[in-house]
Amino acid sequence: MRCAPNPNGPWHVGHARMPAVIGSYRERYDGWFCVRFDDTDPETKRPDLEAYDAILEDLEYLGFEPDDVYRASDRLETYYDHARELIEMGGAYTCDLPGEEFSELKNAGEPSPNRDKDPETVLSEFEAMIDGEYESGEMVLRVKTDIEHKNPALRDWVAFRMIDTPHPREEASEYRCWPMLDFQSGIDDHLLGITHIIRGIDLQDSAKRQGFVYDYFGWEYPEVVHWGHVQVDAYDVKMSTSTISELIAEGELDGWDDPRAPTLKSLRRRGIRGEAIVESMIGLGTSSSDVDLAMSAVYANNRDLIDDETDRRFLVRDGNQLPLGGSPPEEANPPVHPDYEDRGVREIPVGDSVLLEPEDVPDREERVWLKGLGCFQYTRDVLQYTGEEIDVVREGDVDVVHWVPARESVPVQMRTMDGDVTGRAEPGVADLEADELVQFVRVGFARIDRPVDEADGETVAYYTHS
RNA sequence: GCUCCGAUAGUGUAGUCCGGCCAAUCAUAUUGCCCUCUCACGGCAAUGACCUGGGUUCGAAUCCCAGUCGGAGCACCA
């Protein structure tokens with residue numbers, strides 16, 4: 001099988017579907033899959049030189065390594081050779097009709113006047129195309145299909161056209177005569193031994209179009225599955241490489257890994273495992289209708305993967321400072337993970353005042369349980385330590401909240417899909433390293449993006465999900 | 001205009017080929033309860049769907065026809 005991306009930018013979430021599905025088939029049937037960059041349009045779908053590697057990185061993040069990697073722009077001579085062969089069989093003709101004129105004839109079921117040129121003429125004109133003797137738009141090579149076919153989409157389609165703009169890859173920059181996707185991809189699928197093709201409904205006519213070429217060559221067409229488009233909820237930004245690219249250029253997004261961007265690089269930075277995305281994509285199946293992927297499904301899969309191993313920490317967002325009274329313990333020792341006592345406890349110095357999230361500040365005279373510390377009553381602007389046991393919580397009238405010491409806590413900036421939030425975390429957070437995952441208790445999971453910084457003493461975290 | 005494709009709960013999916021075991025599966029979501037020093041994890045429960053209309057049949061989610069709705073192609077894009 002093959003994954004045939006157009007290298008015009010890093011992948012968005014929807015792109016994960018192809019490798020997820022063919023990768024799982026590879027495992028199940030001991031199969032083979034390659035990545036083939038179908039980069040045969042240096043102009044309208046101009047390849048981005050950085051995208052080749054970016055896509056391979058995204059693939060690696062998802063947990064896949066392709067068995068082979070090809071670039072269509074390396075294989076032009078192969079396509080030319082097959083075109084020559086096709087011409088000799090009388091299966092293709094050069095055509096200098098402007099696109100609109102041909103379109104009119106085609107829609108009427110009328111052939112192009114060039115259709116019956118003899119192969120020698122066609123061949124010499126095609127060689128001239130290869131030699132770059134025509135300008136863009138002057139000459140194309142068409143596959144001779146069935147000009148009266150009831151489906152107008154299949155009638156005598158273009159196989160090669162002239163493009164004046166050089167290809168961005170240096171190795172391919174001298175070529176001017178470029179194959180269209182249907183020709184290039186059709187030839188390659190056969191030559192690479194592809195047995196099963198999965199592609200979008202936008203290419204649902206491709207198999208029939210390419211079928212004419214396969215018939216000329218006497219090849220057998222692979223099995224094909226078409227699937228619909230994927231929409232992802234939870235994002236304001238349209239899931240389209242070109243849209244995201246524009247938003248980045250305009251400065252609306254900070255980059256491909258901005259948490260608001262529906263890209264794989266963004267999910268990676270937020271600490272979501274590629275595996276969670278892959279599982280969600282496999283869950284979508286291969287239906288040909290359009291589907292909506294709920295991000296909650298990705299989060300649920302991810303939570304399954306990371307919950308057990310992720311240590312707990314406290315983070316208070318926009319904290320209200322409250323002084324403590326009544327001689328509470330000097331240090332709090334909540335567990336590193338509530339389900340794994342053997343991982344030990346954290347050591348949080350308490351000090352003489354704490355920060356609570358505004359919603360957690362109790363009403364006057366009410367009690368509140370600071371996790372890992374004890375019970376306090378809010379009296380005369382002070383949280384008065386009551387020394388009561390945990391039973392008061394079990395009895396049900398005391399809420400349990402997280403907190404941080406006002407003085408010894410460390411500043412944290414957390415970037416989320418809905419914007420940045422600031423807060424302060426327990427001191428241990430300053431010792432975390434980049435890429436570590438934490439669960440901020442009662443807030444959610446986060447990935448440490450930048451450990452504490454000398455300049456501002458601040459730790460930057462990316463919010464994963466609840 | 002021509003041509004293709006699809007339609008099961010909020011979302012995704014199984015079942016459709018080879019009609020009965022489907023008063024429809026599983027996951028997620030939502031809600032409630034239990035557990036709990038988290039609104040995490042775990043456990044229990046509830047909510048919730050075969051697009052419409054005909055036909056074939058003893059019997060239709062499943063087969064046939066029509067319609068409706070949705071998607072896609074008819075590019076010198078991929």
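Reminder, nothing fancy here: chain letters follow the sequence lines and each chain counts from 1.
Not less than 6.0 angstrom separates the ring centroid of A:Phe183 from the ring centroid of A:Tyr79. Checked against the 6.0 Å centroid threshold, A:Phe445 and A:His465 count as a close aromatic pair.
Rounding to whole angstrom units, CE of residue A:Met295 and P of B:U11 are separated by 18 Å. Atom CD in A:Gln231 sits about 11 Å away from atom P in B:G71, given to the nearest Å. Atom CG in A:Asp182 sits about 12 Å away from atom P in B:G73, given to the nearest Å. Look at CZ on A:Phe183: it is 18 Å from C1' on B:A75, rounded to the nearest Å. Summarising the geometry, the separation between CH2 on A:Trp403 and P on B:U38 is reported as 15 Å, rounded to the nearest angstrom. Rounded to whole Å, atom C1' of B:U11 lies 14 Å from atom CE of A:Met281. Here B:A40 presents its P atom at 11 Å from NZ of A:Lys371, a figure rounded to the nearest Å. The nearest whole Å value for the distance from the CG atom in A:Asp292 to the C1' atom in B:U13 is 14 Å.
Comparing B:G15 with B:C34, their P atoms sit 39 Å apart, to the nearest whole Å. Taking the C1' atom of each, B:A29 and B:A9 are spaced 11 Å apart, rounded to whole Å. Nucleotides B:C18 and B:U25 have their P atoms positioned 25 Å apart, rounded to a whole Å. Taking atom P on both B:A7 and B:G43, the two are 33 Å apart, rounded to the nearest angstrom. Rounded to the nearest Å, the gap between the C1' atom of B:U62 and that of B:A24 is 12 Å. Remark: the separation of the C1' atoms in B:G19 and B:G59 is 8 Å, to the nearest Å. For the C1' atom pair drawn from B:C63 and B:U16, the interatomic distance equals 10 Å after rounding to whole Å. Across the C1' atoms, B:A66 and B:C58 are found 26 Å apart, a figure rounded to whole Å.
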**Request:** Indicate for each nucleotide in nucleotides 2-8 of chain B, in 5' to 3' sequence, whether protein heavy atoms under 4.0 Å reach the base (B), only the sugar-phosphate (S), or nothing (-).
**Result:** BSBSS--
**Message:** I need a per-nucleotide contact map over nucleotides 64-69 of chain B, read 5' to 3'. Cutoff is protein heavy atoms under 4.0 Å; write B for the base, S for backbone only, - otherwise.
**Reply:** ------
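Side-chain contact check for A:Asp189 and A:Tyr221: no donor-acceptor pair (N or O, by modelled atom type) lies under 3.5 Å. Side chain to side chain, A:Tyr340 and A:Glu309 fail the donor-acceptor criterion of an N or O pair below 3.5 Å. No donor-acceptor contact under 3.5 angstrom links the side chains of A:Arg270 and A:Tyr462, judged on distance only. With hydrogens and angles left out, the side-chain atoms of A:Asp188 and A:Ser185 include no donor and acceptor closer than 3.5 Å.
Listed by chain and number, the residues in a salt bridge (Lys or Arg N to Asp or Glu O under 4.0 Å) with A:Arg447 are A:Asp435, A:Asp449 (sequence neighbours excluded). In this structure, A:His226 has no ring-ring contact (aromatic ring centres under 6.0 Å, His included) partners at least two apart in sequence or on a different chain. Looking at residues two or more places apart in sequence or on another chain, you find no side-chain hydrogen bond (donor to acceptor under 3.5 Å, both in side chains) involving A:Asp53.
Closest to the side chain of A:Gln439, out of B:U38, B:G12, B:A78, is B:U38. Comparing B:G71, B:A40, B:C76 by their closest approach to the side chain of A:Asp290 singles out B:G71. Among B:U38, B:G73, B:C76, the nucleotide with an atom closest to any side-chain atom of A:Val400 is B:U38.
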**Message:** Walk me through whether A:Phe440 and A:Val429 qualify under side-chain contact (heavy atoms from CB on, under 4.5 Å).
**Reply:** CA-CA 10 Å; A:Phe440 289 127; A:Val429 169; 4.2 Å; yes
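Looking at heavy-atom distances under 4.0 Å, A:Thr40 makes contact with sugar-phosphate atoms alone, never a base. Here A:His229 lies in heavy-atom contact (under 4.0 Å) with sugar-phosphate atoms only. Here A:Pro98 lies in heavy-atom contact (under 4.0 Å) with a base. Residue A:Pro338 is in base contact, counting any heavy-atom pair closer than 4.0 Å across all strands shown. Base contact: A:Asp202 has a heavy atom under 4.0 Å from a base atom. Residue contacts for A:Phe445: at a heavy-atom cut-off of 4.0 Å it reaches the sugar-phosphate backbone alone, with no base atom in range. At the heavy-atom level, A:Met139 lies nowhere under 4.0 Å from the strands shown. Looking at heavy-atom distances under 4.0 Å, A:Ile163 makes no contact with the nucleic acid at all.
A 4.5 Å side-chain heavy-atom check between A:Ile147 and A:Glu110 finds every atom pair outside the cut-off.
Within residues 386-399 of chain A, the residues having any heavy atom under 4.0 Å from RNA chain B are, by residue number, A:Ile390, A:Arg394.
Of the side-chain N and O atoms in A:Arg346, none sit less than 4.0 angstrom from OP1 or OP2 of B:C37. Dashed line: the shortest gap from a side-chain N or O of A:Ser103 to OP1 or OP2 of B:A75 is under 4.0 Å.
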Could you tabulate the donor-acceptor pairs under 3.5 Å formed by side-chain atoms of residues 99-109 of chain A, not counting sequence neighbours?
{"unit_1": "A:Asn107", "atom_1": "ND2", "unit_2": "A:Ser103", "atom_2": "O", "d": "3.2"}

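Checked by distance alone, A:Lys45 brings a side-chain donor or acceptor within 3.5 Å of a matching partner on the base of B:C77.
Both tests hold for A:Arg17 against A:Trp227: distance to the six-membered ring centre under 6.0 Å, angle to the ring axis within 45°. Both tests pass for A:Arg75 against the ring of A:Tyr70: distance under 6.0 Å to the centre and angle within 45° of the axis.
The pair A:Asp156-A:Arg142 fails the salt-bridge criterion, with no side-chain N (NZ, NE, NH1 or NH2) lying under 4.0 Å from an Asp/Glu carboxylate O. Residues A:Arg169 and A:Asp74 are paired through a salt bridge, judged by an N-O separation under 4.0 Å between the basic side chain and the carboxylate.
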Do any N or O atoms of the protein come closer than 3.5 Å to N or O atoms of nucleotides 41-45 of chain B, and which pairs are they?
{"unit_1": "B:C41", "atom_1": "OP1", "unit_2": "A:Arg303", "atom_2": "NH1", "d": "3.4"}
{"unit_1": "B:C41", "atom_1": "O4'", "unit_2": "A:Asp307", "atom_2": "OD2", "d": "2.9"}

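Residue pairs meeting the salt bridge (Lys or Arg N to Asp or Glu O under 4.0 Å) criterion with at least one partner in residues 285-307 of chain A, sequence neighbours excluded, are A:Asp307-A:Arg312. The salt bridge (Lys or Arg N to Asp or Glu O under 4.0 Å) analysis of residues 385-396 of chain A, with sequence neighbours excluded, yields the pairs A:Arg367-A:Glu388, A:Asp391-A:Arg394. Among residues at least two apart or in separate chains, salt bridge (Lys or Arg N to Asp or Glu O under 4.0 Å) pairs with a member in residues 330-351 of chain A are A:Asp311-A:Arg343, A:Arg346-A:Glu426.
Remark on RNA chain B: of its neighbouring residues A:Gly137 and A:Ala294, the 5'-side contact belongs to A:Ala294, judged by nearest-heavy-atom nucleotide. Sequence order on RNA chain B of the closest nucleotides to A:Leu284 and A:Phe160 puts A:Leu284 first from the 5' end.
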**Complete:** Annotated structure of RNA chain B as dot-bracket, pair cut-off 3.5 Å, Watson-Crick or G-U only, | for inter-strand, is (((((((..(((.......[.....)))((((((.......))))))...(((((..]....))))))))))))....
